Visitor: 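Next up is a structure, given as structure tokens.
Everything numeric here is computed off the predicted structure, so don't read it as measured data.
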Amino acid sequence: MTLRSLLLTASAALTLPLALGACGSKEGEAPTTAPAVAGSAVETAATSPAATVQTAANPPSVTREFRDWTATCDNTNHCVAFGSAHENMGFVLVSLAPGPEARPVVHMGGWGLEDGEGDVYAVIDGRRYAGENTKMDEEGDVIAFKTPSPQLLHDLGNGSFMALKRGDEQMKVSLGGAAAAFLWIDERQGRLNTPTALIRRGDRPAAEVPAGPAAPRVRVAAAVAQTGLVQDDLSPALLAHPKVKECLAETRRGERFEPNVEVFRLAADKLLWAVPCGEGAYNFNQTYFITPADGTAPQPVVFPTAQGSEQDLVNSRYDPKTRTLFAFGKGRGIGDCGRMGTWAWTGERFALLDEKAMPSCTAIPQDLWPTTWRATT
């Protein structure tokens with residue numbers, strides 16, 4: 001079966017936002033999240049002092065839908081707008097950093113044109129646009145316009161018909177909602193009526209466009225030796241925890257967890273436990289606890305996200321060398337939609353370093369996904 005036929009028989013339009021994890025949740029289920037950006041190993045989302053600082057210093061990450069288009073701006077006002085092609089086999093994506101010197105970048109592409117000859121190009125209302133062609137995979141292509149012409153941006157926002165083409169093959173792309181998405185980004189970034197606006201350009205000086213807010217800074221804890229750890233076995237205190245009992249019921253095969261529990265040293269007197277907590281066809285859930293070195297008094301880890309917080313993560317793994325933890329909740333098995341995030345251990349809490357989300361399964365490569373949170377170290 002080709003990738004194209006696999007996509008056509010799969011759940012091809014999974015448009016609900018995906019949580020990074022929920023113990024025993026169904027894949028593609030809509031999350032319930034708190035409105036604050038917060039969380040730590042001990043503090044709750046509502047009480048973390050770090051959350052108050054981050055929320056005050058940065059605008060909230062927001063995603064809006066405009067008919068067939070979606071726009072996202074993160075906490076530093078980096079913004080992305082994208083629309084989908086016929087049967088969600090392709091996409092058009094416009095990204096724009098904040099500030100007066102920033103200029104948009106356009107990407108287009110997808111699957112389904114592999115039978116045509118030559119390079120992939122776009123046609124909007126009879127005008128042809130050819131960019132830099134690269135292979136996404138054996139059946140997909142991406143066209144990049146790193147310095148798109150004003151005419152291309154105008155046509156994306158005001159055009160009536162668009163298609164991606166290769167030879168005799170053609171894939172229609174909806175432009176319904178593109179103008180509203182562009183206008184929302186212009187408003188968010190403060191570039192309305194300037195020459196740098198995506199759609200509503202004017203004579204207001206570009207110098208009046210504000211710079212983007214600085215990304216929050218995260219201080220990563222020092223590395224700790226991982227020798228002398230006992231793997232696969234939970235302490236009695238952890239086994240007695242209600243959440244672990246719930247996870248055991250979801251994941252136990254016989255008398256053991258499958259896959260096995262992992263334990264890491266965060267500090268000389270502090271351990272991190274990764275407990276499997278349910279699984280699906282391609283998503284494997286984990287929940288995390290921090291204990292003293294003797295494994296007593298387990299505290300669930302609450303991970304801050306761009307929109308709230310999560311206790312359970314999907315397809316996650318802690319790396320003691322970098323003191324970072326990565327998770328990727330897939331919207332479908334090929335991984336072209338979902339949400340991914342990275343957290344760093346600061347010595348006191350797990351702080352969110354970056355988060356990307358793609359709510360629609362439309363063949364967009366992961367390196368082009370909208371960022372919903374970014375921080376620096």
Visitor: Going through the distances and angles, do M358 and L368 end up as a side-chain contact (heavy atoms from CB on, under 4.5 Å)?
Guide: CA-CA 9 Å; M358 177 48 61; L368 298 180; over 6 Å; no
Visitor: Consider only side-chain N and O atoms of T194 and R204, and report whether a donor and an acceptor are under 3.5 Å apart.
Guide: no
Visitor: Can you list the steps and then say if R166 with D141 is a salt bridge (charged side-chain N to carboxylate O under 4.0 Å, His left out)?
Guide: CA-CA 10 Å; R166 169 188 268 160; D141 298 84; 3.0 Å; yes
Visitor: Can you confirm if the aromatic rings of F91 and F82 lie within a centre distance of less than 6.0 Å?
Guide: no
Visitor: Step by step, work out the side-chain contact (heavy atoms from CB on, under 4.5 Å) result for T376 and V218.
Guide: CA-CA 6 Å; T376 61; V218 173; over 6 Å; no
Visitor: Donor-acceptor pair, D186 side chain versus L192 backbone, under 3.5 Å?
Guide: no
Visitor: Atom OG1 of T287 and atom CG of L313: how far apart are they, to the nearest 0.5 Å?
Guide: 7.5 Å
Visitor: Hydrophobic clusters here meaning ILVMFWY residues chained together by side-chain heavy-atom distances under 4.5 Å, can you tell me if I334 and W369 are in one?
Guide: yes
Visitor: Go through K330 and N283 one step at a time and tell me if the side-chain contact (heavy atoms from CB on, under 4.5 Å) criterion holds.
Guide: CA-CA 7 Å; K330 297 181 180 181; N283 283 332; 3.6 Å; yes
Visitor: Measuring from D125:CG to F161:CZ, what's the distance to the nearest 0.5 Å?
Guide: 8.5 Å
Visitor: Sort out for me which residue in Y318, W345, F289 forms a ring pair (Phe, Tyr, Trp, His ring centres under 6.0 Å) with F264.
Guide: Y318
Visitor: Test side-chain contact (heavy atoms from CB on, under 4.5 Å) on R265 and L229 and set out the steps.
Guide: CA-CA 8 Å; R265 185 172 286 110; L229 293 171; 3.5 Å; yes
Visitor: Just checking, is any N or O donor in the side chain of T63 or T72 under 3.5 Å from an acceptor N or O on the other one?
Guide: yes
Visitor: Tell me whether E114 contacts the main-chain N or O of G112 through its side chain, where contact means a donor paired with an acceptor under 3.5 Å.
Guide: yes
Visitor: Please examine the side chains of N75 and P213, heavy atoms only from C-beta on, and report whether any two atoms are closer than 4.5 Å.
Guide: no
Visitor: Are the side chains of E117 and E169 in contact, using a 4.5 Å heavy-atom criterion?
Guide: no
Visitor: If we ignore hydrogens and angles and just use 3.5 Å, is the side chain of S174 paired with the main-chain N or O of G176 as donor and acceptor?
Guide: yes
Visitor: Looking at every non-hydrogen atom in both residues, tell me the closest pair between C73 and I185 and how far apart they are.
Guide: SG-CG1, 4.3 Å
Visitor: Taking all atoms of both residues into account, what is the closest heavy-atom pair of L164 and G109, and its distance?
Guide: CD1-O, 3.7 Å
Visitor: Quick one, V106 and M108 - any side-chain contact, counting heavy atoms below 4.5 Å?
Guide: yes
Visitor: So with a 6.0 Å cut-off around CZ of R103, is the heavy-atom count from everything else above 12?
Guide: yes
Visitor: Minimum heavy-atom separation for N88 and C361, please, with both atom names.
Guide: CB-O, 3.4 Å
Visitor: In this structure, would Y121 and V142 fall into the same cluster of hydrophobic residues linked by side-chain contacts under 4.5 Å?
Guide: no
Visitor: Is any side-chain heavy atom of R188 less than 4.5 Å from a side-chain heavy atom of P59?
Guide: yes
Visitor: Is the backbone N or O of L353 less than 3.5 Å from a side-chain atom of E355, with the two atoms forming a donor-acceptor pair by type?
Guide: no
Visitor: What verdict does the side-chain hydrogen bond (donor to acceptor under 3.5 Å, both in side chains) test give for Y129 and D155, after you've listed the backbone C-alpha separation in whole Å, the side-chain angles of each residue and the deciding distance to 0.1 Å?
Guide: CA-CA 11 Å; Y129 295 98; D155 285 356; 2.6 Å; yes
Visitor: Establish, yes or no, whether a centroid distance under 6.0 Å links the rings of Y288 and F350.
Guide: no
Visitor: Between the side chain of N285 and the main-chain N/O of V314, is any donor-acceptor distance below 3.5 Å?
Guide: no
Visitor: With a 6.0 Å cut-off (strictly less than), is the heavy-atom count around CZ of R201, excluding the residue itself, greater than 12?
Guide: yes
Visitor: Look at D312 together with K243 and state whether they make a salt bridge at an N to O cut-off of under 4.0 Å.
Guide: yes
Visitor: Under a single-linkage definition using a 4.5 Å side-chain heavy-atom cutoff for Ile, Leu, Val, Met, Phe, Trp and Tyr, are L198 and V209 assigned to the same hydrophobic cluster?
Guide: no
Visitor: Is there a continuous path of hydrophobic side-chain contacts, each under 4.5 Å between heavy atoms, that joins V105 to L93?
Guide: no
Visitor: Any side-chain to backbone donor/acceptor pair from S61 onto T372? Under 3.5 Å, distance only.
Guide: yes
Visitor: Does Q189 offer a backbone N or O that forms a donor-acceptor pair with the side chain of N77 under 3.5 Å?
Guide: no
Visitor: Just by distance, no angles: are the side chains of N193 and D203 close enough, under 3.5 Å, to form a donor-acceptor pair?
Guide: no
Visitor: Can you tell if the side chain of L156 reaches within under 4.5 Å of the side chain of V92, non-hydrogen atoms only?
Guide: yes
Visitor: Verify, without hydrogens or angle tests, whether D336 (side chain) and A363 (backbone) share a donor-acceptor contact under 3.5 angstrom.
Guide: yes
Visitor: Once rounded to the nearest 0.5 Å, what's the spacing between atom CD of E279 and atom CD of Q286?
Guide: 10.0 Å
Visitor: Can you see which heavy atom on A237 is nearest to which on G295, and at what distance?
Guide: CB-O, 3.5 Å
Visitor: Say you draw a straight line from CZ of R64 to SG of C79; how long is it, rounded to the nearest 0.5 Å?
Guide: 12.5 Å
Visitor: At their closest point, which heavy atom of A221 faces which heavy atom of G347, and how far apart are they?
Guide: CB-N, 3.6 Å
Visitor: In this structure, would V62 and L96 fall into the same cluster of hydrophobic residues linked by side-chain contacts under 4.5 Å?
Guide: yes
Visitor: Nearest 0.5 Å please: distance from the CG atom of L113 over to the CG atom of D168.
Guide: 11.5 Å
Visitor: Where is the tightest heavy-atom contact between A351 and T346, given as atom of each residue plus distance?
Guide: CB-CG2, 3.9 Å
Visitor: Decide whether T291 and W273 meet the rule of one side-chain donor and one side-chain acceptor closer than 3.5 Å.
Guide: yes
Visitor: Under a 4.5 Å cut-off applied to non-hydrogen side-chain atoms, are L272 and V301 in contact?
Guide: yes
Visitor: If you round to the nearest 0.5 Å, how far is CG of L239 from CG of L234?
Guide: 5.0 Å
Visitor: Please lay out, stage by stage, how R374 and D354 fare under the test salt bridge (charged side-chain N to carboxylate O under 4.0 Å, His left out).
Guide: CA-CA 4 Å; R374 67 183 71 210; D354 63 74; over 6 Å; no
Visitor: Verify the ring-centre separation between F182 and W69: is it less than 6.0 angstrom?
Guide: yes
Visitor: Using a 4.5 Å cut-off on heavy atoms from C-beta on, say whether the side chain of F326 contacts that of M340.
Guide: yes
Visitor: Kindly indicate whether the side chain of W373, heavy atoms from C-beta on, has any atom under 4.5 Å from the side chain of Q307.
Guide: no
Visitor: Would D319 and R323 satisfy salt bridge (charged side-chain N to carboxylate O under 4.0 Å, His left out), going step by step from the backbone distance to the final call?
Guide: CA-CA 6 Å; D319 183 355; R323 281 80 67 208; over 6 Å; no
